[in-house]
Amino acid sequence: MASSTTGEKKILTLKGGDNEEFILEESLVLQSELLKNMVKEERVSSIPLPSIKSKTLVKIIEYLKKHAELTPSNKEEFKNFEKEFVNVVLEELLDITVAVNYLKINGLLEFCCQAVADRIKDKSVEAVRKIFRIESDFTPEEESEFRKETPEAFEGDLDDTTN
Amino acid sequence: MASRRSSRNGVFSSTSSSSSSNLGDLMSKKQKNGVTGAKETLDDYISQLPDALLVQILSLLPTKDAVKSCLLSKRWRYLWHSIYNFLFEDFYYKEPENFKSFVENVLTHSTCSKIKKFKLDLSHIYITNFESEINRWVSFAVERKVEDFVWCNLGLTYQLPLFIYTSSSLITLELLYWVFDKGLLIAWNSLKSLKLDVITLDDDDMVKLLSSCPALETLELSCFQDFRRLEITSPNLKRLILDGDGGFDSLEIVAPHLQHLEISGHLGHLMCRLVNVFSLVTASLTFSIICINGDGGTYIGEEEEEDDVEEDNCPDYHQAFRNLVLDYLEKLSHVVFMLQLEGVPLPELRCKCLTLEMPITKNTLYGVASLLRTLPLLERYEMRAVSNFGILGGWVRNGVGILVDKDLHELVVEVRRMNDRLMTIKLVVGNFTLNIISGYAPQAGLDEEVKRRFCKDLDEMVRGIPHTEKLFIEGDFNGHIGATYGGMMMCMVALVLEIETEEERLCWTLLEHLNW
C-alpha cells in the first residue's frame, strides 16, 4: 500500500484497540522505534495497534505532539506537561507504560518508569503490595526467612500509606 | 487518597474484563521477554508488565527499595538481582556497619553486567578503614562500564580510587565534596557532563581538568572557589552553569563556543566578566539582590516601613549592579536572550525574549519602566511577580480587577474575565498590542484541584495570545494570604502608560490612588 501524501507531509493512520483511528503526520511517530521501523521498511500507511486502548493512544499521541514542538524556550512548559502527563491513576499510568514500552519510545519510557517508581519509593512491603494489588504467595515462614537474607533493606521507618 | 483508591477498585473489576483481551495480546507478544508470574491474577496491576520493565522500574528506585521488592511475591523474589542502577545512600542507616553489609550484600547478588548509574552517598556515616570497601565498590562499577557516577562525601573523609580517573565509560559525573589533587592523572574521554559541587580549583587545575574531558558538553559548577579565569576552548562544551552561592570574587569567562549560559548567585559574591561568549543562544541570569546597607541585609521590597532608608542608601549598590549587568549585556547582544533578574533597574539591552522575576516596589517599578522603553527588539516579555504585597483582589474577596487610568480607557479593545481569579484586557498603544493578564493564585490552604485549574486557565490564556503581541502577566502567584496592599496590577497599568508617555507623573498619580 502506498503511503498517502498531502503536499510534503506524509500521513499515517494508527488504529487503537477499539478500532478507533488516529490520523497523524508520519514524522510524529518516528519517535517510536517500533513504528519507525514499520514505516521505513514496510511503507505502510495504516498501522493496527490492537493491544493499545484508544484512551492510552490518545495520551501517547498528545505526548508525541508536545515533544515534537519542544524547543529550548518552552522547556519549562514541556516539563510541566510531562508532570501532568503522568499525574493519572496508577492503572492508567501502567497502561501507558506498557504501551510505550511496546512502541519503544525510549525517553518517555524512562520517564513513565520513574513515575511508577516514585509511587512506591520509601514504602513498606505491605504498602507496595496494596498499591500494586499484589497478593503474596509466600508463607509467613518464607517471608521472615527472606527478610533475614538482607535485613538492612528493611531497616528504618517505612511509609505504610498507599497514597 | 486512600478512599479514592478503594472506590476505584470497584470500577477496576468491570474495566479489567474489557482490557483483558488487550492484555492478552500484549502478553503473548511479550512472553519472549520472560513473564514468569503466571500465578498472579489479572487483578494485579503489574502482571501485564514484562520482567524487563519491572527491572527498569526497580532500577529507578533507591537500591534499598529495589531489594525490598523481593518480599512482594514469588515473581519478584530475584528480580532485583538484575537492576542496573545502584543508588546507595547512607542516610537510611544509623549503624555504619549495616550500610556496609547492605552494599556488600547487594553487589554480591547482582547479576548485572553493564551498570548505567552508580551513586555512592557517604555523607552521614564515617567508618575507619573503609578504603578497601570503597575501592571494591567503585571497582565493581568501573568494571561494569558505569556511565553515570555520583559521589557525595560530605566530610571529605574518603578518596576515590585512582582507577576511576581513567574510566572511559563515564558519560556523566557528579562529584559533591571532592578534592582535586594536582597529581591526578585524569582521562575521562567519553565524559559529556560534569557537575562539581563544593570544589576548590585554581586556574591551572581548571585548565587541566577541562583538557582531561575532551568530549565534555555540559559543565556545572556550584559553590566553587579559587579560580579567576574560565577559558573554554573546546568546541564541544556548549552549556555552562554557574551557581555563585558560596562565592567567587571575580571571574572571567572566555568561551567562544558556548551556547547556553546560566549564572545565579548573590551579587555580593558574583563579579563575573564575560569576555567572549559570542555563540550564546540562551542565557539565564538569576540574581538575588540584597541591600547591604542599613541594619544587615534586607531584600529590596521586603521592608515597606524602611522604604525611605532603602531609597537613600541603595543607589550605590544599585549602580554597582547596573554596571555589572551592563557588562553582561554588551557581550550578550545579538542574542536571543532569557534574562531573569530580581531587583533593580537595568541598562539598555537588545534581547528578544525577557523574563523578569522580581518584587514590585517603587524602586523596581522605575527600573522596569525604563527597561521596557529600551527594548525595541523585544518579542516576548513575561513578568513574574515575587511580592509580599497583595493585589486589588484583596479588596473584593477572590476577585481580580484591572484598574485602567481614564486616559487609557479608550485604548482598551477587549476585556475577558475568565473567572474570579483570572482576567485579561487587551490594549492597543501606538503600534503595540498589549495584553495584561491579572491573576490571583489560590492560597496555600486551598484544594490542589483549584490550583491546578488556575494554572491550566492561566496557561490557556497565555497561549491564546499571539506572539506578535506583548504580554504582561500580573498578580499574586505566591499562594499568598494576609494583609493586603493595593498596587501590583496598578503598577503594570502604569508601565503600559510609560511606554508612550511621561513615566513619572502617571506613576505617581496611580500610586497615590492606592496610598502606596
Side-chain angles (χ1 to χ4, degrees), chain A residues 17-18 49-53 56 72-73 77 80-81 84 87 89-91 93-95 97-99 101-102 109-110 112-118 120-126 128-138 142-143 146-147 149-158 161-163, chain B residues 1-2 5 8-9 12 15 19 21-26 29-30 39-41 43-46 48-50 52-53 56-65 67-77 92-95 98-99 101-102 105-106 109 260 281-282 336 338 353 380 452 455 459:
Chain A
D18 4 22
L49 297 164
S51 61
I52 302 176
K53 290 179 202 165
T56 310
S73 61
E77 192 185 307
N80 290 336
F81 165 78
E84 276 306 304
N87 189 11
V89 292
L90 181 66
E91 185 195 355
L93 176 60
L94 292 171
D95 279 345
T97 309
V98 169
N101 180 50
Y102 174 65
L109 179 60
E110 183 86 353
C112 289
C113 285
Q114 184 67 63
V116 176
D118 288 344
I120 56 169
K121 195 181 163 191
D122 290 334
K123 301 280 181 189
S124 68
V125 173
E126 290 70 26
V128 177
R129 278 200 196 121
K130 272 184 210 146
I131 292 167
F132 283 163
R133 299 168 60 87
I134 295 170
E135 257 180 69
S136 171
D137 43 10
F138 292 131
E142 281 176 317
E143 207 174 306
F146 300 153
R147 260 178 209 272
E149 283 177 10
T150 49
E152 309 88 6
F154 304 95
E155 204 177 281
D157 299 325
L158 291 169
T161 60
T162 53
N163 336 309
Chain B
M1 195 63 200
R5 273 239 162 74
R8 278 199 49 78
N9 293 347
F12 184 71
T15 52
S19 63
S21 59
N22 294 339
L23 293 185
D25 285 355
L26 216 56
K29 278 173 196 145
K30 290 289 153 190
K39 280 192 181 166
E40 264 130 6
T41 61
D43 272 340
D44 178 341
Y45 274 164
I46 347 253
Q48 55 169 324
L49 274 66
L53 207 49
Q56 187 167 357
I57 292 167
L58 289 180
S59 294
L60 292 164
L61 284 164
T63 301
K64 189 176 185 282
D65 283 334
V67 174
K68 251 169 20 198
S69 74
C70 73
L71 273 191
L72 289 174
S73 73
K74 283 181 180 156
R75 181 184 176 194
W76 292 80
R77 177 82 175 94
Y92 288 113
Y93 296 90
K94 290 192 188 85
E95 296 296 325
N98 287 0
F99 175 69
S101 59
F102 176 67
N105 214 333
V106 168
H109 286 95
H260 179 86
V281 178
T282 61
V336 181
M338 289 264 295
C353 173
R380 191 172 179 85
R452 206 171 300 137
C455 294
D459 188 52

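Owing to the predicted nature of the structure, the values given are computational and were not obtained by experimental measurement. First the proteins, then the strands, lettered A, B, ... as listed; each starts at 1.
Per-residue heavy-atom pair counts under 4.5 Å with chain A were compared for B:L53, B:L58, B:V67, and the maximum is reached by B:L53. Contact tally against chain B (heavy-atom pairs below 4.5 Å) for A:R147, A:E142, A:E110, A:E126: the top residue is A:E110. Between chain A and the residues B:L72, B:T63, B:I57, the most heavy-atom pairs under 4.5 angstrom are made by B:L72.
The minimum heavy-atom distance between A:F138 and B:C70, with the atom names listed, is CE1-O, 3.6 Å. Considering every non-hydrogen atom in both B:L61 and A:K121, the closest pair reads CD2-CA, 3.7 Å. Contact detail for B:K64 and A:A153: the closest heavy-atom pair is NZ-O, 3.4 Å.
Looking at A:I134 and B:R75, their side chains never come closer than 4.5 Å, going by heavy atoms from C-beta outward.
Here the CG-OG distance, from B:L71 to A:S124, works out to 11.0 Å after rounding to the nearest 0.5 Å. We find the CG-CH2 distance between A:D137 and B:W76 to be 12.5 Å, quoted to the nearest 0.5 Å.
For A:E149, the parts sitting under 4.5 Å from any heavy atom of chain B are the backbone and the side chain alike.
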Apply side chain to side chain contact (heavy atoms under 4.5 Å, CB included) to the pair A:L94 and B:L49, showing each step before the final yes or no. CA-CA 8 Å; A:L94 292 171; B:L49 274 66; 3.9 Å; yes
Would A:V128 and B:K68 count as a side chain to side chain contact (heavy atoms under 4.5 Å, CB included) here? Give the steps. CA-CA 10 Å; A:V128 177; B:K68 251 169 20 198; 5.9 Å; no
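Panel note: side chain A:R129, backbone B:S73; no donor-acceptor pair is recorded below 3.5 Å. Between the side chain of B:Y93 and the backbone N or O of A:E152 there is at least one donor-acceptor pair closer than 3.5 Å. Not a single donor-acceptor pair under 3.5 Å links the side chain of B:N105 to the backbone N or O of A:T150.
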